[in-house]
Amino acid sequence: MVVNFKVYKKCSPNGKISLYLGKRDYIDYLSGIEPVDGVILLDQGYVDTGRKVWGQLICSFRYGREEDEVMGLNFQKDLYLVSEQLFPVNEKREENLTKLQDRLLQKLGPNAIPFTFKFSQSAPSSVTLQQGEDETGEPCGVNYYVKIYCGETETDVTHKRSTVIMGIRKIQYAPTKQGRQPCTVVRKDFLLSPGDLELEVTLDKQLYHHGERIAVNVCVRNNSNKVVKKIKALVQQGIDVVIFQNGQFRTVIDAVETQDGCPINPGSNLTKVLYLKPELENNKHRRGIALDGRLKREEGELASSTLLLSPDIRESFGIVVSYAVKVKLYLGALSGELSAELPFILMRPKPVDRIKVANDELENVKEVEKPIAS
């Protein structure tokens with residue numbers, strides 16, 4: 001049987017170093033992260049002269065606008081997850097080569113060298129913050145690169161002509177099983193008024209894939225002497241930039257407002273289903289929303305929820321993304337409002353050909369906290 005492999009290739013400007021990778025998306029299964037396994041091909045001149053070639057896996061975190069970098073300021077930090085000499089090989093590597101690496105070594109010849117870089121378990125997921133229409137330069141967010149370069153030492157200033165840099169992504173896919181159906185009940189008492197107002201909100205499920213519609217079941221029981229004038233439901237995206245103490249933001253991604261069935265008078269009840277659909281199409285010009293890490297020539301997508309084994313395990317370089325549905329009952333200027341909030345998970349389904357390690361059950365995964373109040 002003939003097996004076809006898709007290969008990504010990039011060469012240094014001088015053509016002396018070529019980098020080959022089998023994929024550019026690497027999955028975090030929570031129980032482990034796929035390693036970056038590739039091959040480099042060196043020019044015969046580099047091999048004959050014994051030039052040293054180094055390889056690095058870099059997590060780059062930009063937390064400020066590039067155009068604001070003046071007077072020596074730098075709003076980018078690079079974390080070197082792996083940095084090692086690939087040629088000449090100092091010692092024999094004891095590693096199992098993948099089928100792709102074996103095939104490339106046979107095809108490319110003796111100047112091909114395999115390598116395997118491993119992510120640290122706490123490495124954050126790739127996330128990009130959407131820029132404003134008038135902004136230029138690199139967007140804020142978390143990006144990953146494989147860098148191969150020629151130099152005498154590991155810390156040499158690299159020359160562009162002998163350097164290859166290829167962007168990759170570290171991503172998470174949706175668990176295979178649904179969790180518990182989200183539901184909450186909130187009540188509000190009124191000073192010097194008998195009875196209370198009760199709001200029950202239920203989502204049709206906990207886990208949604210990108211592009212799916214969210215059904216929000218709303219039940220209002222008005223045992224007070226107040227009048228509910230209208231109902232509003234919205235989806236909020238929560239962003240926690242971990243490096244900042246107060247780097248928590250929330251943005252409304254989709255909203256629907258209705259007066260159908262209103263006013264809800266004292267002693268009346270109302271049961272209603274509202275539909276929301278969080279998608280990038282309606283937010284393309286909204287600055288600061290989180291998108292999944294982007295590679296060149298690819299369409300963007302809303303960032304997936306960040307799944308953590310524990311809420312305490314947060315890499316300081318990371319951006320943690322969460323989603324929640326919020327429902328508000330408006331009672332008028334003097335009586336205020338009553339609101340309920342339910343977190344949910346928004347992620348991409350896992351491709352069938354990438355299921356290698358079983359995901360932890362959704363019940364055992366700690367989803368990020370609810371979006372922080374603005």
Side-chain angles (χ1 to χ4, degrees), residues 7-22 24 26 33 35-64 66 69-95 97 101 104-105 108-120 122-124 126 137-170 243 293 295-296 315-318:
V7 177
Y8 296 91
K9 175 187 176 182
K10 190 172 183 181
C11 298
S12 60
N14 63 8
K16 304 294 185 181
I17 304 174
S18 300
L19 169 63
Y20 297 82
L21 293 178
R24 299 180 72 180
Y26 296 87
I33 306 171
V36 180
D37 37 42
V39 171
I40 61 171
L41 177 64
L42 302 181
D43 182 85
Q44 187 63 42
Y46 273 23
V47 174
D48 292 340
T49 56
R51 296 279 190 94
K52 290 183 180 180
V53 177
W54 305 81
Q56 295 175 334
L57 175 59
I58 303 170
C59 173
S60 180
F61 179 33
R62 172 163 289 281
Y63 55 91
E66 190 174 9
E69 293 181 340
V70 294
M71 302 294 291
L73 289 175
N74 188 354
F75 298 127
Q76 179 173 326
K77 291 184 179 294
D78 291 337
L79 179 65
Y80 294 84
L81 302 181
V82 178
S83 184
E84 63 181 56
Q85 182 177 318
L86 300 181
F87 181 83
V89 180
N90 290 327
E91 56 185 27
K92 187 175 180 180
R93 295 187 179 90
E94 296 182 1
E95 57 188 34
L97 299 181
Q101 286 175 314
L104 286 172
L105 293 179
L108 299 176
N111 293 347
I113 302 167
F115 66 89
T116 300
F117 296 157
K118 294 182 179 180
F119 288 91
S120 61
S122 61
S126 298
E138 288 295 319
C140 296
V142 178
N143 298 289
Y144 287 92
Y145 304 96
V146 174
K147 180 179 178 180
I148 310 295
Y149 63 96
C150 178
E152 280 304 310
T153 66
E154 184 179 8
T155 57
D156 266 1
V157 176
T158 59
H159 298 284
K160 287 185 178 181
R161 65 178 182 273
S162 57
T163 300
V164 185
I165 298 177
M166 187 182 293
I168 61 174
R169 294 187 295 194
K170 176 186 169 291
I243 196 172
L295 299 174
K296 288 184 179 179
E315 170 59 50
S316 60
F317 271 49

_Show, in sequence, the C-alpha distance, side-chain angles and deciding distance for I17 and L42, and conclude whether the side chain to side chain contact (heavy atoms under 4.5 Å, CB included) test is met._
CA-CA 5 Å; I17 304 174; L42 302 181; 4.2 Å; yes
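For L105 against P114, the heavy-atom pair with the smallest separation is CD2-CD, 3.9 Å. The nearest pair of heavy atoms linking S60 to Y145 is CB-CE1, 3.7 Å. Taking both residues in full, the closest heavy atoms of G318 and V142 are given as CA-CG2, 4.3 Å, listed atom of the first, atom of the second, then distance. Here the closest non-hydrogen pair linking S12 and R161 is CB-O, 3.6 Å. When every heavy atom of Q56 is checked against every heavy atom of S83, the shortest pair comes out as NE2-OG, 3.2 Å. Taking every heavy atom of both residues into account, S120 and I33 meet most closely at O-CD1, 3.4 Å.
I40 is listed as a side-chain neighbour of F115, based on a closest heavy-atom distance under 4.5 Å. Taking the side chain as every heavy atom from C-beta outward, T158 and K147 approach each other to under 4.5 Å. For the pair K52/D156, no side-chain contact is recorded, criterion being any heavy-atom separation below 4.5 Å from C-beta on. By the 4.5 Å heavy-atom criterion applied to side chains, E152 and W54 are not counted as neighbours. Put simply, the side chain of H159 does not reach to within 4.5 Å of the side chain of N14, judged on heavy atoms. By the 4.5 Å heavy-atom criterion applied to side chains, S126 and Y26 are not counted as neighbours. Put simply, the side chain of L21 does not reach to within 4.5 Å of the side chain of V7, judged on heavy atoms. Considering only heavy atoms from C-beta on, I165 stays 4.5 Å or farther from Y149 through its side chain.
Checking side-chain atoms of K170 against main-chain N and O of Y144 turns up no donor-acceptor pair under 3.5 Å.
Among residues two or more places apart in sequence or in another chain, the side-chain contact (heavy atoms from CB on, under 4.5 Å) test is passed with R62 by E66, E69, F75, Q76, E138, C140. In this structure, the side-chain contact (heavy atoms from CB on, under 4.5 Å) partners of K9, at least two apart in sequence or on a different chain, are C11, S18, Y20. Judged as a side-chain hydrogen bond (donor to acceptor under 3.5 Å, both in side chains), and not counting sequence neighbours, the contacts of N111 are Q44.
The distance from atom OG1 of T116 to atom CG of L57, rounded to the nearest 0.5 Å, is 11.5 Å. How far CG of N143 is from CZ of F61: 10.5 Å, rounded to the nearest 0.5 Å. With rounding to the nearest 0.5 angstrom, the OH atom of Y8 is 9.5 Å from the CE atom of M166. Residue D43 holds its CG atom at 9.0 Å from OG1 of T49, rounded to the nearest 0.5 Å.
In this structure, Y46 has its ring center at least 6.0 angstrom away from the ring center of F87.
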